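Computed from a prediction, not measured in an experiment: that's the story for all the values here. Note that these values count all heavy atoms, side chains included, but never hydrogens, waters or copies made by symmetry.
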There are 4 protein chains.
Amino acid sequence: MMVTMRLNSCSSTNVEQKAINAKLGFLGSADNHRKRLLKLPCSVPQPPSLLIFNSQQPQLFPPVDQSVAAIVLGDGSDSESRRRLYPLTKRRTEGAIPMAANYRLIDAVVSNCINSNIKKIYALTQFNSTSLNLHLSRAYSGMFRGKQGFVEVIAAYQSLEHQGWFQGNADAIRRCLWVLEEYPVAEFLVLPGHHLYRMDYQKLIEAHRNSKADITIVALSGTRDPVDSITVYDKVSSTGIYVVNRDTMSKLVNEYFPEANDFASELIPGAISIGMKVESYLFDGYWEDMRSIQAFYQANMECIKKSNMRYNFYDRDSPLYTMPRCLPPSLVSDAVISDSVIADGCILNCKINRSIVGMRTRIEDGAVIEDSVIMGSDIYQQKEDDAQNIPIGIGENTQIRKAIIDKNARIGKNVKIINKDNVQEGDREANGYIVSGGIVVLLRATQIADGTIL
Amino acid sequence: MMVTMRLNSCSSTNVEQKAINAKLGFLGSADNHRKRLLKLPCSVPQPPSLLIFNSQQPQLFPPVDQSVAAIVLGDGSDSESRRRLYPLTKRRTEGAIPMAANYRLIDAVVSNCINSNIKKIYALTQFNSTSLNLHLSRAYSGMFRGKQGFVEVIAAYQSLEHQGWFQGNADAIRRCLWVLEEYPVAEFLVLPGHHLYRMDYQKLIEAHRNSKADITIVALSGTRDPVDSITVYDKVSSTGIYVVNRDTMSKLVNEYFPEANDFASELIPGAISIGMKVESYLFDGYWEDMRSIQAFYQANMECIKKSNMRYNFYDRDSPLYTMPRCLPPSLVSDAVISDSVIADGCILNCKINRSIVGMRTRIEDGAVIEDSVIMGSDIYQQKEDDAQNIPIGIGENTQIRKAIIDKNARIGKNVKIINKDNVQEGDREANGYIVSGGIVVLLRATQIADGTIL
Amino acid sequence: MMVTMRLNSCSSTNVEQKAINAKLGFLGSADNHRKRLLKLPCSVPQPPSLLIFNSQQPQLFPPVDQSVAAIVLGDGSDSESRRRLYPLTKRRTEGAIPMAANYRLIDAVVSNCINSNIKKIYALTQFNSTSLNLHLSRAYSGMFRGKQGFVEVIAAYQSLEHQGWFQGNADAIRRCLWVLEEYPVAEFLVLPGHHLYRMDYQKLIEAHRNSKADITIVALSGTRDPVDSITVYDKVSSTGIYVVNRDTMSKLVNEYFPEANDFASELIPGAISIGMKVESYLFDGYWEDMRSIQAFYQANMECIKKSNMRYNFYDRDSPLYTMPRCLPPSLVSDAVISDSVIADGCILNCKINRSIVGMRTRIEDGAVIEDSVIMGSDIYQQKEDDAQNIPIGIGENTQIRKAIIDKNARIGKNVKIINKDNVQEGDREANGYIVSGGIVVLLRATQIADGTIL
Amino acid sequence: MMVTMRLNSCSSTNVEQKAINAKLGFLGSADNHRKRLLKLPCSVPQPPSLLIFNSQQPQLFPPVDQSVAAIVLGDGSDSESRRRLYPLTKRRTEGAIPMAANYRLIDAVVSNCINSNIKKIYALTQFNSTSLNLHLSRAYSGMFRGKQGFVEVIAAYQSLEHQGWFQGNADAIRRCLWVLEEYPVAEFLVLPGHHLYRMDYQKLIEAHRNSKADITIVALSGTRDPVDSITVYDKVSSTGIYVVNRDTMSKLVNEYFPEANDFASELIPGAISIGMKVESYLFDGYWEDMRSIQAFYQANMECIKKSNMRYNFYDRDSPLYTMPRCLPPSLVSDAVISDSVIADGCILNCKINRSIVGMRTRIEDGAVIEDSVIMGSDIYQQKEDDAQNIPIGIGENTQIRKAIIDKNARIGKNVKIINKDNVQEGDREANGYIVSGGIVVLLRATQIADGTIL
């Protein structure tokens with residue numbers, strides 16, 4: 001249905017035309033074009049049929065960038081889960097935990113949104129939210145212009161009507177609905193912020209729209225993740241990811257279930273109970289939530305694999321975004337490194353094996369790091385900063401094995417963090433660490449004296 | 001093909017469930033969800049059929065934001081056209097001419113790209129390009145992050161191989177092709193930068209792809225724009241807007257027509273002559289190119305219409321972008337204003353009728369502005385800046401009628417810019433103005449002494 | 001102490017030199033320079049004395065941009081004050097109240113910081129903080145790069161140690177001190193966010209440093225603001241603005257007064273009581289805090305004055321920053337406007353006298369606005385949005401006098417908001433307004449039916 | 001001269017005061033403060049003397065951020081120098097050459113400006129300027145807001161008055177002066193863009209102002225850089241860095257020497273010849289310009305030193321800025337690395353010794369890199385991209401010694417780039433490399449077949 005200009009076999013004339021057109025100015029205008037095309041003597045074999053462009057012609061569905069708003073649940077999960085990731089959650093919420101050397105956990109979900117062309121992203125936060133707020137604001141606030149796209153943090157707040165904190169994710173959405181409804185979107189996409197997976201939400205939205213559902217639940221095939229207790233029925237379990245129509249959301253939280261606090265346990269069963277159309281969408285890719293120190297540790301270990309990587313951190317077409325940096329490159333004086341990832345800005349002089357080494361990590365001569373996650377440092381410490389303390393970083397001849405070293409740790413010389421007593425679970429918070437599943441976890445900014453053996 | 005959970009009529013159980021779930025923490029996790037859904041005793045009337053999500057499943061066409069790069073021809077047009085818009089083009093190229101109080105001409109085309117989800121935008125510039133480069137860089141550089149989206153100015157440059165300037169738009173594309181091909185896009189969208197129209201390029205790209213064309217030309221219906229000379233054949237004329245496949249572009253400029261300089265007069269006829277598939281796409285919306293002072297003046301006058309506006313400057317869904325500002329609001333001391341648009345940051349004390357008043361315009365007591373385009377000022381002048389000169393702005397009791405006042409003009413008191421001799425065409429550049437089509441055009445930064453009558 | 005090259009009177013040689021240097025390439029290098037200067041045969045009358053540049057040479061004081069962090073108290077004030085600005089504070093905190101057509105109240109203080117070269121700005125928020133957070137994040141997050149400069153919102157948060165909200169500004173600082181101390185600044189500058197004034201904080205910091213004080217209080221001369229109750233002693237009163245040394249802050253909130261909640265009433269007297277050096281710095285410029293609807297109304301009215309403006313909104317050297325916009329210009333169909341300010345994006349067809357007209361305000365034919373503050377609208381409403389409601393804006397032939405119209409109001413035709421009964425104080429919140437000091441204040445998003453008379 | 005509130009020894013009263021003040025709201029206002037301070041019964045031992053704040057009080061010198069504009073000569077140098085850095089300058093100008101793994105050469109000078117609080121930065125470009133323009137625009141355009149600060153590229157342009165390219169740096173400044181004078185700065189700081197050094201320009205400006213010079217030249221002590229030919233007189237040579245008063249600049253290029261093209265060889269001697277006050281400022285820090293492949297190679301090698309680094313790439317207080325990235329961390333499978341720097345996003349499986357490894361470098365098993373500068377790659381190549389070519393990166397068992405590998409090189413397996421014939425100078429451009437000073441320099445995007453030995 002387009003105008004086909006089959007002006008073949010008129011090259012000789014074209015040469016003449018070309019001569020006529022010699023000495024043209026730069027960047028010829030439409031005017032030129034018109035005049036010159038006119039003069040072309042080539043016959044048009046068949047009359048073109050015209051496609052009348054109609055800007056009012058409705059699209060089947062609106063594009064997701066204007067019609068969907070994502071609600072990222074920044075605080076991730078209930079207090080039980082927080083306890084399980086303790087002490088990484090002592091000063092920050094799950095979404096803000098440093099991950100895979102260069103990232104924070106929440107980057108995976110926010111990047112999914114951006115890569116799926118969803119540009120209106122609200123992050124609801126409350127529990128230990130400062131680190132997360134700072135990260136989101138530094139990483140994504142400048143990403144879009146004006147109101148067309150944004151990543152906006154909505155922190156819990158006190159008001160004359162509501163003196164208390166959010167009482168659950170449904171309550172959080174209820175109290176923020178006046179902000180969430182700022183734009184005339186058609187659907188809300190509810191996303192826990194502490195999951196690691198890669199999904200094209202556009203396909204999810206398309207399936208939701210095609211099925212004319214009120215709510216769509218993203219589900220997992222139980223066979224892939226054989227934890228019996230989470231199988232819903234017959235090998236299908238929920239991820240906690242939902243698509244909810246705008247009106248449905250408003251009615252659920254304000255009209256039908258104004259007292260409900262939790263999405264998964266109250267609103268979804270409630271919606272089903274009153275006959276709403278609830279569908280599910282099966283996701284068969286890699287998906288991990290961080291329900292324990294071990295799960296977090298394993299997810300980190302995904303990024304040191306050269307092949308068989310289940311979550312590809314190097315995917316060009318679907319990149320993982322985070323706070324942009326302009327750190328200097330890592331300075332490696334003398335290192336033997338295998339099966340590890342090294343962030344920017346490190347100063348290394350050691351053996352590193354099967355480990356994650358985060359930004360600005362300093363490791364001195366003779367140190368050996370194995371099977372560990374080193375989160376790095378927020379600053380370059382300079383000698384004069386505090387001379388009396390052990391400097392931030394890892395001292396000479398120190399050995400670290402199967403440990404998670406939270407940020408800004410000050411580890412002295414000849415230290416051994418090797419879980420020498422082979423403890424599986426242990427709480428030594430007073431000493432600056434805990435042990436979970438056999439993994440030693442050093443608290444943020446902990447100082448470990450020279451010669452200490454853990 | 002989705003899992004339908006028809007868990008109707010289980011509200012009583014749900015109430016129990018709700019009781020069980022009391023005292024939930026904030027932002028319930030997928031874990032909660034799984035456990036709780038499991039416990040739901042409701043039967044599932046029919047087994048769900050699962051939609052297996054397959055992330056490798058190919059899309060029919062890739063989304064335009066990654067697969068199309070726009071090439072905006074910033075310099076607009078040939079030297080003849082530049083002469084016709086003179087003196088507005090004395091210090092700037094057409095795309096940089098201030099337009100509709102708050103914009104530059106090129107904003108219309110760049111906004112079309114952004115609103116069409118085309119995020120890779122190159123602007124090729126050469127002639128008097130400084131103002132345009134500054135505007136594009138200030139307005140759009142921060143709009144996207146990193147390489148996923150950008151508006152990049154590619155200025156003409158000198159190299160060891162090429163000592164000269166670009167010799168036309170085809171030559172410009174040829175010499176910049178190594179940059180333009182930085183990303184694996186499928187098509188280039190060639191856009192003159194000095195047109196005023198609103199088009200969804202996504203539909204154009206879709207039509208191009210569906211027709212399997214090598215090149216698609218955007219054409220106009222001749223009945224809408226009855227300038228005889230531009231009718232191609234049978235009521236169809238070209239806009240100078242093209243979609244060109246990546247390989248086609250490379251072959252055209254480097255292999256088949258390595259000497260061609262102009263797109264419209266050489267490459268397109270050439271492509272047709274060698275049998276390439278060239279289609280056309282009919283556009284029936286408002287479209288204006290600035291081929292004269294009068295056309296520019298009329299396009300500005302479009303924005304003062306409250307109704308019957310052919311180009312809607314206030315369209316919420318397809319906004320017109322430009323350099324963001326944080327100017328103070330306009331301060332109006334005593335003004336009678338009708339059928340006019342007023343930009344931010346003005347200081348007004350006058351009568352304004354059927355006029356455009358640009359940013360930071362200062363108009364003193366008793367002045368009367370009619371049927372005019374006042375472009376405004378780049379700075380707030382402060383008294384101490386230069387006491388000996390007439391200050392930037394329009395002085396007391398001055399009358400201006402049917403004029404275009406370029407930026408930073410310093411117009412004294414009791415001046416009359418009324419084309420008193422009713423000149424149609426006149427060149428008084430030495431006196432700071434020209435007349436074109438009966439419109440007086442004051443040059444940028446011109447100073448007009450008190451009491452002058454033009 | 002500089003090398004003086006007095007190479008006078010060698011012009012003839014210079015001409016030769018010039019000839020030699022003909023045909024130079026573009027952008028001559030240091031190399032060229034060296035070689036050519038060498039050849040200059042001019043004698044040097046006296047040997048230069050060299051200034052040895054010493055990059056280690058200490059500066060008397062470090063520049064404020066790296067050594068001072070501002071703590072903006074976003075929530076402004078206690079609940080009593082919130083009540084006095086009610087209903088403007090119903091959904092937002094004081095700092096987020098729209099002000100002077102284009103701004104939010106907090107912009108004045110943040111702009112003071114930026115204009116004083118203070119680049120590390122933390123805003124602490126808790127009460128109805130969503131609007132403020134969104135504004136600060138949209139307006140300032142992209143302003144600086146990385147960690148060198150920032151405006152960061154620190155929202156109240158819940159943690160394992162602290163379940164409750166902030167208990168006052170001293171408590172807020174105590175709980176956020178771990179974030180506030182992220183950088184090795186020397187002083188904190190404590191700034192209530194709801195004041196309107198222009199101050200160069202660099203001079204304040206300099207005075208603080210010169211006096212070797214622990215704390216400096218910014219004070220006002222009592223004669224300028226003769227409210228008896230706020231005179232400290234002998235015509236000096238405090239503004240609530242403080243400079244506090246980093247160590248002093250840490251000791252005050254954690255060691256000496258770990259239970260204190262309020263800065264002004266507990267920490268400052270406490271600091272004095274234990275012998276700390278507390279100085280004061282007298283500020284004699286315009287300064288207004290918003291302690292009533294009347295004070296807010298008067299501060300707005302400051303911006304409509306052409307002369308005798310006590311707070312200059314148009315100061316080029318010390319600009320007022322806010323969220324950048326790219327709105328269309330205001331479209332004025334038929335208006336008589338005097339002594340008013342008009343924001344961008346309005347659609348006006350009315351009489352406006354001594355009023356503030358905020359962004360995207362729509363006022364229909366025959367309406368008359370006098371002595372009023374119209375805050376504008378967040379969106380352009382489109383006809384299809386909700387046909388059954390009165391559209392956002394002000395309807396035909398409506399009269400408004402001495403009123404504050406909060407955002408997104410939907411005011412019908414032939415309405416009179418004129419305080420017809422001349423009420424001084426009145427609470428008609430159920431009807432969508434209150435009266436305070438004779439000023440009618442319409443609540444946000446209130447709908448007023450056609451023909452209503454208030 | 002400040003109000004000293006010596007309210008010592010009133011702690012008991014303070015306790016009472018504290019009790020009175022119990023139950024305060026959040027973030028106490030100035031109001032609270034005033035009322036409460038008033039009530040303090042402590043006597044004031046001595047009457048305070050008030051410092052009257054006077055905002056009109058003139059500063060000795062204006063701050064540099066508003067009063068100085070930097071003019072960075074992006075194209076570095078004359079054609080002779082370009083030849084000497086060939087082939088790194090084949091497709092780019094000197095300032096755009098990748099440097100020290102994460103940077104471009106020009107970043108050092110632009111970072112000096114930013115760290116010296118100079119925020120108005122113009123970069124003049126012409127020769128092979130595309131890469132530089134793209135880098136500057138991506139790296140710095142979003143760094144500042146609006147017109148208060150900027151890094152703006154001014155590309156050479158064609159106009160009706162000037163048909164040709166810039167004829168030298170003096171000509172470039174002359175033709176751009178209308179842009180450079182946009183702000184009322186007091187001085188221009190002229191900076192060649194291809195130097196590596198760290199300087200606080202604020203001290204330079206201060207010295208310039210104190211000496212009341214028209215022009216100040218930054219000079220080097222000849223003893224530090226004992227190249228005889230560049231000694232001006234008696235151990236002082238020029239760097240090509242100048243401070244020039246605004247008026248002086250305008251008069252020099254337009255009035256006194258309207259035909260001069262070069263700054264160093266024409267304008268400076270000219271200024272001296274007509275009696276202008278030309279001073280010099282001795283710089284004694286590390287300073288390197290890139291006048292040969294060897295100089296460039298040595299400057300890179302500076303960044304691999306752990307101690308005795310003459311140019312500190314890790315200086316926290318004076319950071320080196322560049323384009324922010326959010327690359328994944330480097331994935332190291334099996335590597336022995338010594339005395340090297342490694343950028344983000346690499347995939348390494350090799351031995352690396354005394355080398356620079358740039359962003360996204362891929363090096364396969366068994367490769368050995370020594371004494372080399374590997375510039376890295378612009379993209380992550382994906383297998384399907386072009387299967388027939390050698391992929392971007394360095395293949396298995398390849399050895400590279402004392403080489404510079406420009407970006408996007410495709411080096412096969414079992415290649416040896418070892419300068420086997422020990423050539424000192426050699427032009428093998430047809431084969432993809434040249435040899436300069438014994439260093440093999442591979443051209444950008446060169447492909448080297450498996451098994452090749454150079």
Side-chain angles (χ1 to χ4, degrees), chain A residues 75 79 82-83 86 89-93 122 125-134 136-147 150-166 175-176 178-179 182-184 323-327 378-379 382 384-386 444-445, chain C residues 75 79 82-83 86 89-93 122 125-134 136-147 150-166 175-176 178-179 182-184 323-327 378-379 382 384-386 444-445:
Chain A
D75 289 341
S79 60
R82 274 199 298 269
R83 258 192 303 282
Y86 196 87
T89 49
K90 187 179 184 184
R91 271 284 162 95
R92 56 168 92 85
T93 194
Y122 297 97
T125 68
Q126 168 169 292
F127 187 84
N128 265 347
S129 52
T130 304
S131 290
L132 184 67
N133 294 0
L134 298 186
L136 289 173
S137 142
R138 288 168 180 172
Y140 300 102
S141 285
M143 194 142 191
F144 305 104
R145 168 78 61 78
K147 299 189 166 189
F150 51 79
V151 179
E152 284 185 345
V153 176
I154 306 185
Y157 62 90
Q158 200 182 13
S159 69
L160 289 179
E161 298 138 313
H162 300 281
Q163 297 289 329
W165 298 97
F166 297 155
R175 284 174 56 187
C176 299
W178 67 280
V179 185
E182 192 171 8
Y183 303 99
M323 185 165 76
R325 294 147 276 124
C326 57
L327 286 175
D378 287 322
I379 56 165
Q382 291 181 343
E384 64 278 16
D385 283 354
D386 53 347
R444 191 175 185 278
Chain C
D75 289 340
S79 58
R82 274 199 297 269
R83 258 194 302 281
Y86 196 86
T89 50
K90 187 180 183 183
R91 270 284 161 96
R92 56 168 92 84
T93 193
Y122 297 97
T125 69
Q126 167 169 296
F127 187 84
N128 265 347
S129 52
T130 304
S131 289
L132 185 66
N133 294 359
L134 297 187
L136 289 173
S137 141
R138 287 169 181 171
Y140 299 103
S141 284
M143 194 142 192
F144 305 105
R145 167 77 61 77
K147 300 191 165 186
F150 52 80
V151 179
E152 284 185 345
V153 175
I154 306 185
Y157 62 91
Q158 199 182 16
S159 69
L160 289 179
E161 297 138 312
H162 300 281
Q163 297 289 330
W165 297 97
F166 297 155
R175 284 173 57 185
C176 299
W178 66 280
V179 185
E182 192 172 9
Y183 303 98
M323 186 165 74
R325 294 147 276 123
C326 57
L327 286 175
D378 287 321
I379 56 164
Q382 291 181 344
E384 65 277 18
D385 284 357
D386 54 347
R444 192 175 185 278

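Using a 4.5 Å cut-off between heavy atoms, A:Arg91 contacts chain C through both its backbone and its side chain.
Between C:Tyr157 and A:Asn133 there is no side-chain heavy-atom pair separated by less than 4.5 Å.
The shortest heavy-atom contact between A:Ala155 and C:Ala155 is CB-CB, 3.2 Å. C:Gln158 and A:Trp165 make their closest contact through N-CH2, 3.5 Å (heavy atoms, listed as atom of the first residue, atom of the second, distance). Summarising the geometry of A:Val153 relative to C:Leu134, their closest heavy-atom pair is O-CD2, 4.2 Å, with the distance given to 0.1 Å.
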